[in-house]
Amino acid sequence: MSEISKAYEPQSVEDKWYRFWLDRKCFVADPARVSPRRPAYSIVIPPPNVTGVLTMGHVLNNTIQDILARKARMDGKEVLWLPGTDHAGIATQTVVEKALKKAGEIKHRDDWGREKFLERVWQWKEKHGGIIIQQLKKLGASCDWTRERFTMDEAYSRCVQKAFVELYKKGLIYRGKRMVNWCPATQTALSDEEVVMKEQKGSLYYFKVEVVDCSGAVSAPPSGNAAVTDRRYNEIKSTGVWLTIATTRPETIPGDTAVAVNPKDPRYAKFIGKHVVRPLPAELPRELKLIPIIGDEHVDFEFGTGVLKVTPAHDQADFEIGQRHKLPQIDIMHPNGHMNAAAGIGLNGLDRFKARKIAVELLTEMGALEKEEPYTNNVGFSERADVPIEPRLSEQWFLKYPSVEQARNCVEQEDDSAGRASPRAGSSAAEDGSRERSTHQQMRFHPQRWAKVYDHWMGNIQDWCISRQLWWGHRIPVWYPKSGSGACQSRDGSPADLHPRLHDIWCNINPPPDPENWEQDPDVLDTWFSSWLWPFATMGWPEQTPALKAFYPTSDLVTGPDIIFFWVARMIMAGYEFMGDPKFGLPDAKPFQNVYFTGIIRDKQGRKMSKSLGNSPDPLDLIGRHGADALRFGTMRSAPLGQDILFDEQNVELGRNFCNKLWNACRFRQMVGRADFPIQGEIDPKLLTADDKWILLKLDAAIREMNTAFAEYKFSDATATLYRFFWSEYCDWYVEASKAALSGGRRCESAQTEIQSGLMSAATEDEARKANTLAVIDFVLSHTLRLFHPFLPFITEELWHGMGYAEDMPDDQGGQTIMTAPWPKPLDDDFKSHYGLTGDDEKQIETRNELVSQGRNLRRNANIAANKKVNFILKPAREVTRHDVEVLKLLLNAESVEVKADYQPSKSTMTVRTESGDLFLPREGLIDVEAEKMRLKKELQKIDTDIARVEQKLANPNFVQKVPAEVLQEHQQRLAAWQAKRGHVTSALAALES
RNA sequence: GCGCGGUUAGCUCAGUGGUAGAGCACUACAUUGACACUGUAGGGGUCAGAGGUUCGAACCCUCUAUCGCGCACCA
């Protein structure tokens with residue numbers, strides 16, 4: 001760093017160092033290096049969608065992971081940060097299909113068929129799959145790229161198949177015809193987690209049906225769509241009674257197979273057992289539309305009219321009523337959400353929403369519609385396709401979740417143990433910056449409130465629909481015999497056997513030996529059925545590989561709370577299920593020690609960032625303009641634990657300014673010279689000034705605060721500490737004060753011998769002090785750079801080398817790269833006593849700084865221009881040295897600071913009194929007496945308020961009796977100080993008035 | 001309906017019982033001396049409201065208002 005530029009230019013250093021780290025294999029984890037003295041630390045990345053691009057959410061998430069990984073390396077751990085991407089079934093397939101449609105290549109993926117379409121998805125993946133990885137590298141992510149995984153890698157696919165087969169053999173995976181969440185847009189089943197409820201404004205339609213008596217009904221066993229028409233009645237008698245039914249979905253009337261009332265409802269109980277005539281399809285004769293009135297407790301008498309239409313094939317609750325009463329199911333819809341022939345002539349072929357309108361028209365025409373009221377209800381939407389889902393009977397694969405109890409109990413709840421659950425601020429674990437890694441410790445969520453959400457979900461867990469009617473994904477490893485007798489049922493066939501016992505199927509990770517006689521299940525698995533294996537499938541499971549042995553369970557997981565059920569909960573269950581095998585020798589097979597949930601990044605208006613709103617900044621653009629370190633620092637500073645983040649580019653500008661400040665502080669150090677003489681970088685305790693001691697103590701405090709922040713995962717606290725320490729304490733005070741010592745000496749050459757021979761003159765003392773100051777600066781900067789490194793990896797590496805700090809370190813301890821430099825330890829008692837660091841020094845500087853601030857304030861009030869040098873007079877409260885005076889001159893921008901122990905101020909002298917002494921600013925003839933009086937009166941007023949408040953407290957006998965001694969003492973001291981100040985201000989005021 | 005989180009300076013947020021804080025924004029002054037991506041000084045707050053506990057409450061408890069999120073859901 002011979003020629004250092006005036007401003008930090010990130011573009012010129014970032015790529016250079018990233019390549020350096022890659023070339024030196026700094027990110028590569030070696031399981032063989034793990035030992036009791038070099039513990040493992042591991043994180044698996046939440047794999048981004050393979051075709052995605054970097055968003056601010058990724059920046060937040062991955063910056064935190066990188067900070068944790070880099071900190072762990074500096075703590076001397078063997079670190080694995082395992083990266084990779086997710087195939088993201090629906091998302092990717094949809095994107096590719098859309099692109100192909102847009103390009104006019106296809107109208108629908110069926111045009112090409114499965115094989116050709118998949119070929120194109122793979123091509124797309126090859127083309128776009130690397131983008132987000134490259135972007136992560138720009139951010140500085142220190143992932144072990146040699147272990148990059150993709151959820152559809154061959155080895156990974158084998159893991160997915162193995163997991164399926166094992167669970168199938170245990171009887172936890174079954175196939176069944178069930179009511180599922182069906183997405184008519186993508187035409188696949190979805191899990192409950194992929195459905196989001198949205199409030200919809202619609203109508204509640206009231207229509208009437210006639211109650212009839214049908215004597216001599218011959219009940220035939222229900223059989224699918226023909227159920228109703230299979231019934232034959234001898235006679236149908238009108239009763240002249242009509243029931244009114246309220247519904248939001250009149251288009252499903254043709255699928256109704258009963259009308260339900262509450263058996264306890266006095267209005268309707270008497271009708272149970274009679275029938276009504278279903279109004280639709282209009283063209284069917286009455287006798288083919290008779291449906292029974294049944295009694296079911298599910299019906300709420302308060303809602304609507306208290307009469308419920310029951311559509312077992314198109315509503316979850318109705319399906320269950322249908323089960324209880326053995327009602328037939330009439331499927332009236334195609335998989336694409338259009339009505340089928342069973343819906344009747346009027347509706348057949350219409351889209352379900354169009355059909356709703358037409359159904360209302362038909363009811364109106366026949367005089368059945370009584371009224372329509374506006375109504376708002378919650379409707380389930382497909383999260384991906386953003387269309388209302390359709391509850392639909394279909395045959396799917398389901399998973400009864402494994403290891404639920406273990407998974408539920410392994411997460412520490414807030415009331416588990418008050419002691420352990422609370423943050424361990426200042427504890428010994430926090431001080432050395434390491435978290436315990438006992439395998440018997442419960443998993444901990446940060447912030448912990450998510451544990452409750454997790455527990456609630458785990459306690460109400462439903463079987464997971466894992467099959468998807470997509471092409472892009474892992475094929476279900478199940479084959480059916482082609483000539484299939486009982487085992488091979490049509491997918492939308494009937495009857496609805498809810499728990500078919502499937503015999504004669506081939507479920508294996510390998511295809512059957514005689515493939516010509518079998519056909520594979522056409523479906524693929526839910527993407528999350530592969531990602532739930534991520535923490536161990538990426539490390540070589542099912543083999544007990546060195547990586548698994550060394551790095552599983554992982555240390556920390558960093559992810560968004562939006563996927564706590566999708567991913568986190570399932571990974572925990574999978575961990576227990578698949579890593580609990582005794583061959584892995586784990587006392588506790590949980591996948592993580594800690595889970596950190598980030599907030600969600602929003603824009604300044606609090607809206608979630610999204611492509612459609614166009615409110616999501618491009619992180620790469622921000623990196624290009626401000627630098628990766630600036631983006632990281634700004635993001636971290638505005639991201640408190642567990643709170644959503646309102647993103648504003650100003651945060652990044654703050655980060656950029658901060659990097660520039662760091663850069664220039666180092667540049668300043670470079671410009672004032674080398675520390676060779678007389679102490680060669682070693683700090684001489686005898687030559688330390690109070691300012692030196694003060695900054696060392698501040699450094700110590702900063703290190704401790706950083707360790708506490710890390711122990712509590714409070715990254716915004718950590719950045720705030722760094723910001724305050726470096727800018728407000730080091731630059732604003734220490735560097736400014738150090739200029740007094742640095743501008744002092746000149747003749748370095750002869751000073752060393754003179755010091756040794758005890759003949760040190762004032763001049764050579766200046767020289768020695770200058771060198772010592774440089775040594776202190778180097779000490780502070782070399783520690784500071786290390787504290788910054790996890791947050792600002794690029795600029796710290798550049799400065800680490802540029803400043804020459806690398807040269808002083810052993811090769812594997814920072815000599816090659818700051819990445820392996822040891823994380824700073826708090827200054828211990830030996831250090832402090834060797835260098836004579838005491839609270840008195842700290843106090844001395846703090847009161848001195850108070851004096852300086854007030855002196856500057858005096859200047860300001862006297863309307864003295866900031867660049868005008870003036871003469872101050874100091875009446876010190878204790879002994880002052882020549883050096884102290886030099887510092888004061890500098891900090892006050894004074895021409896001189898005259899020390900006069902017996903100074904008597906005249907009328908036109910402005911004064912301040914502090915614990916360090918009294919400071920006078922004589923302004924013969926220049927002072928604005930009235931203005932100064934105003935200022936003093938205002939100050940007096942404030943002092944009086946403060947005094948009154950404390951006096952009131954002290955006058956309270958309860959206060960004096962009950963309060964702890966030190967608090968009482970502190971109040972008394974405060975009162976005394978204010979009273980002294982009051983006396984001073986009063987006399988100053990009196991002097992002006994005399 | 002149940003649960004969680006928020007409400008503190010113009011804005012974004014820290015602040016676990018003892019003198020209300022930071023950054024940005026704002027005002028004034030300064031500019032060859034590391035840094036204008038800067039420095040110095042300053043203005044600005046009934047800590048959402050009400051009640052309670054306490055010698056003492058932004059902080060603990062209760063209720064209310066309001067914003068956001070999650071879960072469940074009546075057709």
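All chains are named by letter (A, B, ...) in the order of the sequence lines, taking the proteins before the strands, and each is independently numbered beginning at 1. Everything numeric here is computed off the predicted structure, so don't read it as measured data.
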- Message: Please tell me if A:K739 has a side-chain N or O lying less than 4.0 Å from either OP1 or OP2 of B:A34.
- Response: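 Yes.
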
- Query: Which heavy atom of A:D318 sits nearest a heavy atom of A:T311, and at what distance?
  - Reply: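 Shortest heavy-atom contact: OD2-N, 2.8 Å.
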
- Message: Restricting to non-hydrogen atoms, name the atom on A:L280 and the atom on A:P250 that form the minimum distance, rounded to 0.1 Å.
- Response: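 Minimum heavy-atom separation between A:L280 and A:P250: CD1-O, 4.2 Å.
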
Select base, sugar-phosphate, or nothing to describe what [X] touches, counting heavy atoms under 4.0 Å on all strands.
X	value
A:K868	nothing
A:Y454	nothing
A:D946	nothing
A:E653	nothing
A:W978	base
A:P964	base
A:N377	sugar-phosphate

From [options], nucleotide with atom closest to [X] side chain:
X	options	result
A:N657	B:U38, B:A34, B:G70	B:U38
A:R656	B:C37, B:U19, B:C24	B:C37
A:K661	B:C55, B:G18, B:U38	B:U38

- Message: Would A:R637 and A:Y723 count as a cation-pi pair here, with the cationic atom under 6.0 angstrom from the ring centre and within 45° of the axis?
- Response: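 Here A:R637 passes the 6.0 Å and 45° test against A:Y723.
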
Between [N] and [M], how many Å separate the two [atom1] atoms, rounded to a whole number?
N	M	atom1	value
B:U66	B:G49	P	15 Å
B:U53	B:U62	P	15 Å
B:C26	B:C63	P	44 Å
B:A48	B:C67	C1'	11 Å
B:G33	B:A25	C1'	30 Å
B:A22	B:G52	C1'	33 Å
B:A72	B:A14	C1'	35 Å

- Message: Donor-acceptor check, side chain of A:T305 to backbone of A:T244, threshold 3.5 angstrom: yes or no?
- Response: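 Yes, A:T305 side chain to A:T244 backbone: donor-acceptor pair under 3.5 Å.
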
- Task: Quick one: pull up CG in A:D717 and OG1 in A:T721 and give me the separation to the nearest 0.5 Å.
- Result: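 Result: 6.5 Å between the selected atoms.
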
- Along RNA chain B (nearest heavy atom to each residue), the more 5'-positioned of A:D318 and A:R974: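 Here A:R974 is the residue nearer the 5' end.
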
- Kindly state which residues belonging to residues 849-858 of chain A come within less than 4.0 angstrom of RNA chain B, counting heavy atoms of the residue only, listed by number.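 Nucleic-acid contacts, sorted: A:S853, A:R856, A:N857.
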
